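Here's the structure we're looking at; comments come further down.
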Amino acid sequence: MNAAVAAGTVMVLAGVCLFALVAAGVGNRLLRRAGLLAHEPGEQLLFAVGLGVVIFELCCLLVAVCDGLRGGIWVLLAAGSVVSWLELPELKRLLAAVWSRGRGATRKTRLFRGALVAVLLIEGVAAMAPLSGSDALHYHFAAAQWVLSSGFHPNFFSTNSFLTGQGHLLILAGLALGSEKFALGLLYLGGVLAALAGACLARRWMPETGAWMVALAFVLTPVVFWQMSTAGTPDLWMAFFAVLTVLQIARAVETQECKSAALAGVFAGTVAGSKYTGCVIAASAGLALLLQSQSWKAIAVFCAGAVNAGVWPYYRNWLWTGDPVFPLLMRKLQPENVNAQAMATFLADTGANLHQSTIAFVRYPVFAAIDAGNLGLWQFLGPVCLCFAPLVIFAVRRTALWRTVLLVWVLSAAGIGMTSGILRFALPVYPLALAAVMAGVWAIPRRGWGALRGMATATLAVFLTVSAARLVFYQRHALAAAAGLITRDAYLEEVAPDFGKVRFVNEALRGREGEGKALVFFRHVYGLKVRAAYGNPEASWGVDPRQLKSDSAWGELFQREGIRWVVKSPEYPVAIREQLEQMETDGELVPIARAEVVDFVGNRMRGVREKVRW
Amino acid sequence: MRRTRLVSMLFLCGWVLGMQVWYYGQFAGVLRGLLGTVLQAK
């Protein structure tokens with residue numbers, strides 16, 4: 001066992017807790033100043049952390065634009081710590097109140113709470129393993145690495161880099177602090193907070209035992225534990241902010257206070273600013289507020305809060321490309337600048353050109369829209385919502401919270417299904433759905449419905465047991481790596497796609513990284529020490545086969561972008577193969593290094609590897 | 001009243017069980033695939 005690696009894991013997790021405390025301090029101070037106090041101390045702490053993180057993300061964006069990331073993040077954290085220190089007595093009071101409420105819990109409640117803590121610890125340790133998620137290696141982390149090495153500029157070699165939003169600023173902050181582990185820890189924190197927010201929502205409708213069970217079912221859902229640990233994506237922060245939005249909208253409707261609507265707007269805007277599909281959630285939340293409050297003033301302050309918090313990624317894309325939702329509107333706005341191959345692949349990957357029947361949308365709110373042609377555990381959100389959806393009828397009441405939850409859950413999930421066709425993108429509203437259906441289970445009448453209660457209990461028991469087994473099986477390599485039982489390289493060789501290629505390029509170009517960029521055709525570019533220009537036209541807007549038909553066109557591209565090396569692995573992409581092979585024949589591309597590496601073929605979960613000569 | 005409750009309960013029990021079987025059935029292939037990979041590796 002490598003003690004230094006294990007100690008690093010513990011220290012980073014402690015650092016993540018400290019970050020949450022600092023965010024809570026900043027957020028709570030602002031909430032108190034604004035007179036926005038929640039009824040429950042736990043809820044107040046969650047709102048405080050949420051607001052603190054929103055402010056941190058906006059400040060991160062500012063320092064990134066000002067090109068002062070590495071020093072700026074430390075300054076931000078120091079300033080936040082000072083504010084948090086001033087707020088410490090109030091934080092202590094809130095934490096003590098939460099602690100004292102938990103002490104009187106029943107044995108069953110303590111059991112579920114203990115199970116939740118154990119699962120969160122396992123997931124926290126697993127999250128500290130080196131990054132291996134495919135999309136993260138392609139753009140979630142690679143885009144942040146690009147900003148750190150090249151400044152806050154567009155990267156047209158990665159179409160997906162334009163999809164990065166507010167949540168990605170946490171990855172950027174972690175990497176700017178020099179720690180991939182800390183960046184992963186911040187993503188894990190989003191999952192923990194989403195689970196606690198889900199429990200907080202559920203607590204409004206059921207006893208504490210049920211609330212902890214909601215949180216437990218959430219963190220044991222395979223898609224969730226994958227996102228909290230190895231995936232390296234910030235989507236669970238959206239889930240956290242979606243729950244805060246719903247709670248705050250219900251409060252705005254009940255109190256008719258504009259400041260509550262504004263805060264709801266800030267959280268909804270942060271959801272929208274995290275991902276394009278987040279706009280559907282923010283719009284549903286706005287509609288829920290409008291329908292219930294019937295106040296244009298409330299909706300105006302909601303929109304103002306949302307725009308201020310979440311417009312920035314869209315504004316950035318508009319400045320860089322002329323299309324705020326790049327590349328979705330490019331065919332209409334700038335048809336002459338469309339890279340047809342990149343566009344077609346983008347639409348196919350994101351499901352944006354999907355045509356589905358109306359009835360298909362019914363499957364999204366119950367998380368049962370399984371794509372049988374592309375089956376995998378990344379679609380496994382569990383049968384809980386599907387099985388228990390009709391039971392909601394036992395629990396639903398005519399309250400602002402119920403109306404808001406049902407509207408945001410159903411409209412968002414159906415809307416996301418309609419626009420993307422990808423079930424996983426509905427994950428941000430999963431805690432809402434889970435809390436609602438579990439409230440239904442809890443509300444099954446005690447007398448005369450014993451069989452249904454038994455069936456529901458058995459369903460939950462099967463789901464939790466199967467999912468817990470999956471968690472341990474799936475995370476076994478990550479846990480070993482985070483505890484220092486296997487080396488970083490051995491772990492990445494086992495699980496990270498394209499790791500062999502990245503290692504070879506780093507070795508081949510050692511000491512020459514500053515000479516220029518390398519044009520690479522393998523997808524997982526994170527970890528390359530040389531600046532990578534991703535060259536596969538399927539996901540690289542900057543490499544358009546229609547415009548690169550001659551040696552001179554390629555030469556001009558290499559010149560303009562400062563591309564010094566081309567990494568052939570093992571063949572060039574079909575659309576540009578002919579031209580690049582011609583350049584090899586003409587002696588314009590000269591081999592300087594060759595190697596043979598073993599890597600995954602296709603999807604890594606299928607575990608098929610092949611030897612690649614290049 | 002009693003009959004309505006019984007029918008409702010039977011419907012809901014059938015729904016919970018049926019949907020569960022359908023859902024896990026969808027993923028049976030994936031689970032078999034994972035098991036196959038593990039056995040092959042050994």
Side-chain angles (χ1 to χ4, degrees), chain A residues 222 363 366-394 423 437 440-441 444-445 447-463 466-467 469-470 473-474 476 494 600 603-609, chain B:
Chain A
R363 298 178 303 161
V366 287
F367 299 92
I370 301 160
D371 177 7
N374 186 26
L375 267 181
L377 291 184
W378 56 85
Q379 290 192 62
F380 195 95
L381 279 145
V384 174
C385 294
L386 174 66
C387 292
F388 297 158
L391 308 186
V392 171
I393 203 153
F394 288 119
L423 179 62
V437 299
V441 173
I444 297 172
R447 292 185 62 184
W449 294 82
L452 186 58
R453 286 182 78 86
M455 186 77 80
T457 309
T459 301
L460 276 172
V462 168
F463 173 67
V466 168
S467 299
R470 269 188 203 139
F473 179 76
Y474 179 76
R476 65 196 189 287
E494 188 69 35
F600 293 100
N603 201 306
R604 69 172 167 155
M605 76 166 283
R606 306 199 198 286
V608 183
R609 290 163 175 270
Chain B
M1 187 68 187
R2 213 167 160 183
R3 178 178 280 188
T4 313
R5 193 177 63 193
L6 190 66
V7 170
S8 305
M9 190 166 71
L10 283 175
F11 167 74
L12 288 172
C13 284
W15 173 273
V16 171
L17 190 64
M19 288 301 130
Q20 209 171 162
V21 169
W22 175 82
Y23 193 90
Y24 286 117
Q26 292 285 307
F27 287 91
V30 177
L31 298 173
R32 265 203 306 275
L34 283 176
L35 192 65
T37 311
V38 174
L39 293 176
Q40 198 181 6
K42 282 178 182 171

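Since the model is a prediction, treat every value here as computed from it, not as a measurement. Chain letters run A, B, ... following the sequence lines, proteins first and then strands; every chain starts at 1.
In this structure, Arg476(A) fails the cation-pi test against Tyr474(A), since its NZ or CZ atom is not both closer than 6.0 Å to the six-membered ring centre and inside 45 degrees of the ring normal.
No side-chain heavy atom of Val384(A) sits less than 4.5 Å from a side-chain heavy atom of Thr459(A). For the pair Leu386(A)/Phe367(A), no side-chain contact is recorded, criterion being any heavy-atom separation below 4.5 Å from C-beta on. Counting only heavy atoms from C-beta outward, the side chains of Val462(A) and Gln20(B) approach each other to under 4.5 Å. Between Leu10(B) and Trp15(B), the closest side-chain pair of non-hydrogen atoms is not below 4.5 Å.
Considering only residues two or more places apart in sequence or on other chains, Ser467(A) meets the side chain to side chain donor-acceptor pair (under 3.5 Å) condition with none of them.
Ranking Gly382(A), Ala456(A), Ala458(A), Ala451(A) against chain B, the residue ahead of the rest is Gly382(A), based on heavy-atom pairs under 4.5 Å. Your options are Gly448(A), Gly454(A), Pro445(A), and the one with the most heavy-atom pairs under 4.5 Å with chain B is Gly448(A).
Phe380(A) and Tyr24(B) have tilted rings, their planes meeting at an angle from 30° to 60° on a 0 to 90° scale.
Annotation: residues 387-394 of chain A contacts chain B through Cys387(A), Phe388(A), Pro390(A), Leu391(A), Phe394(A) [non-hydrogen atoms, separation under 4.5 Å].
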